[in-house]
Structure formats: C-alpha cells, structure tokens
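Bear in mind the structure is a predicted one, so any value in this text is a computation, not a measurement.
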Amino acid sequence: MKAACQSGNDTTVAARVAGEDIRCGDFVTVLNELVELPSYLWSCSSLSLPPEDPIRFRYIPHDTGTPMKVVGVCLPFVYVESDRGAVSTLDTRLKQIVRLDHKCARKVWKRLQAKPKRKKR
C-alpha cells in the first residue's frame, strides 16, 4: 500500500514564546491556563488545607488552537483580536501563549472570517 502526501500541506509547529518576544501582528493561541481556587472549594481530596492556601491546576481551554492576532503588548498583558473582531486581554502570568506559524494561522484566520454567523433564536 502506497500513500502520497501533497507537497503544499507542510506541517508546522506552534512555538512556546515568552511575553517579551510577542510582537503586534503575530498570531497566537492559548496552550493552557493556570486556575487558582480557594482550598475550601476543593473537595476532591481528603487533605485538610488551610483556607488561605490556593489550589492551582492547569487546564486546556476548549478554544485552544484558534488563532488570535496580537494588536498590542503591555506586559504582562497581551491584547488580541479574534477572527470576528472582538478584542480581549491575555494575562501571561495565567496563560501560556504559543506563537503560531504565520502562514498557517493567516490561512485559518481567513477561513474563520468567511464562516457565516449563526442566527440566535
């Protein structure tokens, strides 16, 4: 059995990036996010923790991989625009950001912009 691969579909890799290396015009996405909860809300353990000690854990957001365009950087904050034009703030202390390959992200960005908006009922 032979398999053929089209030469125009090269695989790219997202690169972990420090906040000071992010520039306007870059395409980024959130790889994972740090969440802190007060220990009294943590009922998944038999350990008794002081109430002032937070429980920290990382999770992967549901929209990870969606390209966002950087419109401003004022560390620790990165201001990004979604494909629909909504601007939001990413806090680099809580979110690990990766830089996407510019060519690949731009292609996906344009396809997301062309996607028709759903009507609310």
### Message
salt bridge (Lys or Arg N to Asp or Glu O under 4.0 Å) for D101 and K103? Distances and angles first, verdict last.
### Response
CA-CA 6 Å; D101 175 73; K103 186 178 177 182; over 6 Å; no
### Query
CG of L34 to CD of Q96: how many Å apart, nearest 0.5 Å?
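That separation rounds to 10.5 Å.
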### Message
Please report the interatomic distance CD(E81) to SG(C24), rounded to the nearest 0.5 Å.
### Response
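It comes to 11.5 Å.
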### Query
Quick one: which of L94, D91, L90 gives a side-chain contact (heavy atoms from CB on, under 4.5 Å) with P76?
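Considering L94, D91, L90, a side-chain contact (heavy atoms from CB on, under 4.5 Å) with P76 is found only for D91.
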### Task
Would you please name every residue forming a salt bridge (Lys or Arg N to Asp or Glu O under 4.0 Å) with R111, sequence neighbours left out?
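For R111, no residue satisfies salt bridge (Lys or Arg N to Asp or Glu O under 4.0 Å) once neighbours in sequence are set aside.
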### Task
Any pair with a residue in residues 15-29 that passes side-chain hydrogen bond (donor to acceptor under 3.5 Å, both in side chains), sequence neighbours left out, goes on the list, sorted by first then second residue, please.
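Sorted result for residues 15-29: D26-R99.
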Let me have the donor-acceptor pairs involving side chains of residues 57-75, under 3.5 Å, with sequence neighbours excluded, atom names and distances please.
unit_1: R58; atom_1: NH1; unit_2: N32; atom_2: OD1; d: 2.9
unit_1: Y59; atom_1: OH; unit_2: E33; atom_2: OE1; d: 3.4
unit_1: T64; atom_1: OG1; unit_2: V30; atom_2: O; d: 2.4
unit_1: T66; atom_1: OG1; unit_2: D63; atom_2: O; d: 3.0

### Query
Do V78 and T89 come close enough that some side-chain heavy atom pair is under 4.5 Å?
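Side-chain contact under 4.5 Å: no.
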### Task
Determine whether V28 and L100 make a side-chain contact, defined as any pair of heavy atoms from C-beta on separated by less than 4.5 Å.
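No, every pair of side-chain atoms sits at 4.5 Å or beyond.
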### Task
Return each pair, listed once, that meets ring-ring contact (aromatic ring centres under 6.0 Å, His included) where at least one residue sits in residues 84-110; pairs must be two or more places apart or across chains.
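The answer is F27-H102, F27-W109.
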### Query
Under the side chain to side chain contact (heavy atoms under 4.5 Å, CB included) criterion, do V98 and V17 qualify, and how do the steps go?
CA-CA 6 Å; V98 293; V17 62; 5.6 Å; no
